[in-house]
Amino acid sequence: MKRNLFIGSALTAVFILAALISFVWTPFDHAVLNIPNKLQTPNGTHLLGTDHFGRDILSMIMVGARTSIAVALVAVGIGMGLGVPLGLWAAARQGSWMDELIMRGNDLVFAFPSLVIAILITAIFGAGAVNAIIAIGIFNIPVFARITRGAALSLWQREFILAARVAGKSTGRISVEHILPNVTNLLIVQGTIQFSLGILAEAGLSYVGLGAQPPLPSWGRMLADAQTMVSIAPHMALVPGFAIILMVLGLNLMGDGLRDYLDPRLRVVRA
Amino acid sequence: MLRYTLKRLLSLLISLAVASLVIFVVIEVAPGDPASFMLGMNAQPETLAALRSELGLDVPKVQRYFAWVSGMLSGDFGTSYTYRTPVIDMISGRLWVSLPLALYALVLSSLIAFPAGIFAASRRGQAGDISVMGATQLGVAVPNFWFAMILVLVFAINLRWFAAGGFIGWNNGFWVGLHALTLPAIALALPQAAILARVMRSSLLDVLGEDFMRTARAKGLSERQALWRHGLRNALIPVLTIIGLQFSFLLAGSIIIEQVFYLPGLGRLVFQSISARDLIVVESIVMLLVFSVIMVNFLVDLAYAVVDPRLRSRT
């Protein structure tokens, strides 16, 4: 449906735009404490209210969007950068020990839920945005490897690949020049979905204190701050929550829309 | 079937062995010696050496790995560095919160997802289908810990139907315990229910297009009868797989939800242990979670083979 694609892209664009604008302008300085103004409900001056330190929530949401988007985007990059070549390789050597090794390695990573990977990494290197990226990114690798391999396997049976082989192209060249372009649509759709999962994961990790650390603002930590205030200042919990929901919803709708737009036959398995 | 089972069993054992090795190596490269962390910066070298040998940290790493694994096999997870109690006791005490919570959430998620999925599939393209699918889109996008906070705000703080957090244990009766876990379970179940309902719907729609469904209709069954007698049973296979996979995610997901409700489960234990650098506890909990994922996958594979004989011949 075109409508999904439109609504999804619009929502996503709003957040990306807000994140970009926050580099040059925010309504207030997101880091400045202003205790006399604390816990204001949304009003004309502070459109989304202020938190328990009197900071402007709209400004924090805008700057927090940067963190969320950066973490999720880099994590998708890690997943694609490593997962896609592995998947292409496994498909090119289908049935070989290499294929077996890659796929079993994938199963192994799948056995570690991303939260558990994050806990392990935090236990070693400490909490932080970079470690959150690594944790989410590692989890993305098998997702992309699996989906690339699955799509590539059926492509290897097609005539045009046989033609490329007859022409004398090496397996590697066929993978890059013929297989990869044909799985790109699938990867874009899956990338959108992993992007939205990354936003959720980053929020969860920051919420429990394993993600972005102060003073770097993040939506998850805004929610953690809001938890003790929820009875006296519900807007502190509602605003970042709605930001996460709208961003994730936007990306998911965009993913669905892109799938239908790029290739109606594609059916992506949601992890 | 025996051959298939043995093959799966072998791959299960290899997965477990590799997973334990990965966890051990990762934790071992962790900077910071637990003994010097416990004794502080001004510890005497002799005291440090004594504690290291007491904790078994002076033994070569290879030997320690095998000691850890063989210990786990016999139910001995070692002794906590900070609490000086057996890790197994700490974990099993916490499991009485985390495990029932995950199971409760799984039941809730199925109770929501099944009717929703069936309803949507039987009204494909109509208003009912569209609203259920819209609701699942939203359910997938809601972070469960945020939903948990909203539940607390509405049902604990405003309506006072539930406690806002904490868990007094099962000693006061099953229903009291269950009541305390209800809000966390709902929060945990919501996103999973949304995913499950989508799977249920699409799986049912796939089955509804099959030839045997047309035969059932031709034989005189009504749309509804055909759905219940033939459609549902066949649509359940992929759904059961997802339920199996969800259990391990619920167990891991309860780590975050426990923080919202201050529940004394595995999640709180793991965070306490990380901040105290009680690595042996972290190691054991991570291994336990990974074990449960691998085990559930194994059982799902077996269940699949029982249901679908074609799979047995494949590797």
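Quick note on labels: first sequence line is chain A, next is B, and so on, each numbered from 1.
Taking the side chain as every heavy atom from C-beta outward, A:P234 and B:L153 approach each other to under 4.5 Å. Counting only heavy atoms from C-beta outward, the side chains of B:V293 and A:F112 never approach each other to under 4.5 Å.
The contact between B:V290 and chain A is made by backbone and side chain atoms together, counting heavy-atom distances below 4.5 Å. Only the side chain of A:L210 comes within contact range of chain B, with heavy atoms under 4.5 Å apart. Heavy atoms closer than 4.5 Å to chain B are found in both the backbone and the side chain of A:L249. With a 4.5 Å cut-off on non-hydrogen atoms, B:V260 touches chain A through its backbone and its side chain both. Contacts of B:F271 with chain A are made by side-chain atoms alone, with heavy-atom separations under 4.5 Å and no backbone atom involved. For A:A224, no part lies under 4.5 angstrom from a heavy atom of chain B. Heavy-atom distances place both the backbone and the side chain of B:I256 under 4.5 Å from chain A.
Under the side chain to side chain contact (heavy atoms under 4.5 Å, CB included) test applied with B:V142, the options A:V248, A:I245, A:L200, A:I244 reduce to a single match, A:I245.
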Stepwise side chain to side chain contact (heavy atoms under 4.5 Å, CB included) test for A:F242 and B:W146: CA-CA 9 Å; A:F242 284 135; B:W146 178 79; 4.0 Å; yes

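Nearest heavy-atom pair across A:L223 and B:M149 is O-CE, 3.4 Å.
Taken from CD1 in B:I294 to CG in A:D107, the straight-line distance is 9.0 Å, to the nearest 0.5 Å.
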